[in-house]
*Asks:* 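I have a structure I would like to understand better, so I am pasting it below and will then ask my questions one at a time.
The sequence lines fix the lettering, A, B, ..., with proteins before strands; numbering per chain opens at 1.
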Amino acid sequence: MFREVLEAALIIAIVLGASRGIAGRERWVAGGVLLGLLGAGGVAVLANVASAEFSGNGQAILNAVILLGAVVMLTWHNVWMSSHGRQLAAAIGAVGSAVQEGSRPLFALLVVTLAAVMREGSEAVLFLWAIAADGEQGARMVLGGLGGVVAGVLVGLLLYLGLLRIPVGHFFSVTRWLILLLAAGLAAQAAGFLNQAGVLPALGDGLWDTSHILNQGSIVGQLLHILVGYIARPSGIEIVFYVGTLLTMLTLMRPAKRIARAG
Amino acid sequence: MSVRCVLAALGMWFLALPALAEQDAPVLVVHDRQFLPQELVLPAGVKLKLVVRNQDGIPLEFESYDLSREAVIAGHSENTIYVGPLQPGRYRFFNDFNHAMQGTIVVRPADGKGQ
């Protein structure tokens with residue numbers, strides 16, 4: 001439970017940090033959380049009611065689509081930021097002001113938040129249902145689950161508050177790198193799901209294995225898995241998606257910067 | 001060789017692939033909060049379909065960091081997961097909804113004594 005909430009909380013913390021100074025972002029992020037919770041309930045019901053349809057490739061492909069949707073939106077956000085970052089930093093300097101300009105990537109905030117909450121939330125719902133159905137053990141484990149929710153939200157809050165302490169001059173270059181690595185990690189996860197569904201080849205199983213150095217199941221391993229896409233034993237296709245996303249985003253972010261300088 | 005021949009061969013290849021996978025799909029059963037077998041032996045070097053069949057009434061999440069796989073499986077249902085081609089070795093998996101439930105996939109060389 002902690003892991004599910006942690007993943008969603010960290011992604012929301014980064015998104016909130018990266019969208020600092022954009023007018024209306026709170027409403028769109030809150031909307032994403034709400035829609036995500038609804039979607040999570042929907043997926044949980046779907047998994048139980050339509051388990052036959054959902055059990056084949058459906059589930060893995062749905063996961064991949066959600067993840068790739070988030071990657072596209074994070075890319076859009078970063079490209080937009082590379083031309084508006086300075087303006088935003090200036091806006092933050094002037095207390096209370098925010099960038100009101102059109103075509104702000106508000107929809108991106110909504111989709112990324114929705115994706116994070118929906119994906120992790122549906123697992124959380126099924127998990128809670130599984131332990132609630134477990135009889136005598138249930139009550140104690142529900143408490144444990146609630147503890148996990150609180151702990152996950154707290155870690156997300158800490159990350160957000162930590163981000164806010166970064167000097168404004170460096171703030172958006174830090175969040176830009178965070179978003180870049182987050183998106184690459186999500187893309188690698190999507191590749192894993194597409195491979196699991198039999199849609200994409202593995203291109204080599206476990207090209208290296210660092211699980212003896214840093215176990216992916218450990219707290220640090222999980223944190224790095226969420227934040228920068230750490231996979232202890234990656235397959236070729238996961239690496240292709242990771243590197244491909246990094247290069248694509250870096251390429252897209254570059255021309256936008258030049259245009260901003262020219263204009 | 002005529003075009004028709006090539007097409008026919010291609011068609012048979014496409015038809016044969018899923019059929020082969022279907023035939024020897026290994027099954028991992030979940031019963032009474034246990035993975036059965038606890039150690040599932042699979043051949044190395046081939047892509048295969050693994051069926052995880054949940055016979056319990058509560059959902060579970062089959063997860064493996066070693067295999068980079070995760071799938072939620074509702075109560076009294078099953079899920080198909082593609083794995084491999086794998087190298088020989090041991091791959092741990094667990095139920096992310098109940099970490100007491102664990103097991104291992106043991107991958108052995110397909111041509112060796114392991115089969």
*Asks:* Considering only heavy atoms, which portion of A:Ala197 lies under 4.5 Å from any heavy atom of chain B: side chain, backbone, both, or neither?
*Replies:*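 A:Ala197 touches chain B through backbone heavy atoms alone.
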*Asks:* Please state whether the side chain, the backbone, both or neither of B:Glu70 comes within less than 4.5 Å of a heavy atom of chain A.
*Replies:*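 Its backbone and side chain both get close to chain A.
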*Asks:* Contact part of A:Ala232 toward chain B, heavy-atom cut-off under 4.5 Å: side chain, backbone, both or neither?
*Replies:*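 For A:Ala232, no heavy atom lies under 4.5 Å from chain B.
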*Asks:* When you look at CG of A:Leu146, are more than 12 heavy atoms from neighbouring residues, nucleotides or ligands closer to it than 6.0 Å?
*Replies:*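 It does: A:Leu146 CG has more than 12 such atoms within range.
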*Asks:* Just so I understand: if I count every heavy-atom pair under 4.5 Å between each of B:Leu60, B:Asp96, B:Val83 and chain A, which residue has the most?
*Replies:*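 Sorted descending by pairs with chain A, the first entry is B:Asp96.
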*Asks:* What heavy-atom pair brings B:Gly84 and A:Ala202 nearest, and what distance separates the two atoms?
*Replies:*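 Looking at all heavy atoms of both residues, the closest pair is O-CB, 4.1 Å.
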*Asks:* Taking side chain as everything from C-beta outward and backbone as N, CA, C, O, which of these in B:Gln87 sits under 4.5 Å from a heavy atom of chain A? Side chain, backbone, both or neither.
*Replies:*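 Both backbone and side chain.
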*Asks:* Applying side-chain contact (heavy atoms from CB on, under 4.5 Å), run through B:Glu61 and A:Leu126 and close with a yes or a no.
*Replies:* CA-CA 9 Å; B:Glu61 183 176 16; A:Leu126 287 168; over 6 Å; no
*Asks:* Can you tell me how far CD1 of B:Ile73 sits from CD of A:Gln59, rounded to the nearest 0.5 angstrom?
*Replies:*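 The CD atom of A:Gln59 sits 7.5 Å away from the CD1 atom of B:Ile73.
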*Asks:* B:Gly57 and A:Trp129: which non-hydrogen atoms are nearest, and at how many Å?
*Replies:*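 That would be O-CH2, 4.2 Å.
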*Asks:* Are A:Asn195 and B:Arg69 close enough that some pair of their side-chain heavy atoms sits under 4.5 Å apart?
*Replies:*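 When only atoms from C-beta onward are counted, B:Arg69 and A:Asn195 do touch, with a gap below 4.5 Å.
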*Asks:* What part of A:Glu123 gets closer than 4.5 Å to chain B, counting heavy atoms only: side chain, backbone, both or neither?
*Replies:*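 Both parts, backbone and side chain.
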*Asks:* Answer with side chain, backbone, both or neither: which region of A:Asp209 has an atom nearer than 4.5 Å to a non-hydrogen atom of chain B?
*Replies:*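 A:Asp209 has no heavy atom closer than 4.5 Å to chain B.
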*Asks:* Please round to the nearest 0.5 Å and tell me the distance separating atom CZ of B:Phe97 and atom CG of A:Leu128.
*Replies:*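 If I round to the nearest 0.5 Å, the distance is 9.0 Å.
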*Asks:* Quick one: closest heavy-atom pair of A:Leu200 and B:Lys47, and the distance?
*Replies:*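 So the minimum-distance heavy-atom pair works out to O-NZ, 4.5 Å.
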*Asks:* Which residue in the set A:Arg233, A:Glu238, A:Gln189 passes side chain to side chain donor-acceptor pair (under 3.5 Å) when paired with B:Ser68?
*Replies:*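 Per the side chain to side chain donor-acceptor pair (under 3.5 Å) rule, the option paired with B:Ser68 is A:Glu238, out of A:Arg233, A:Glu238, A:Gln189.
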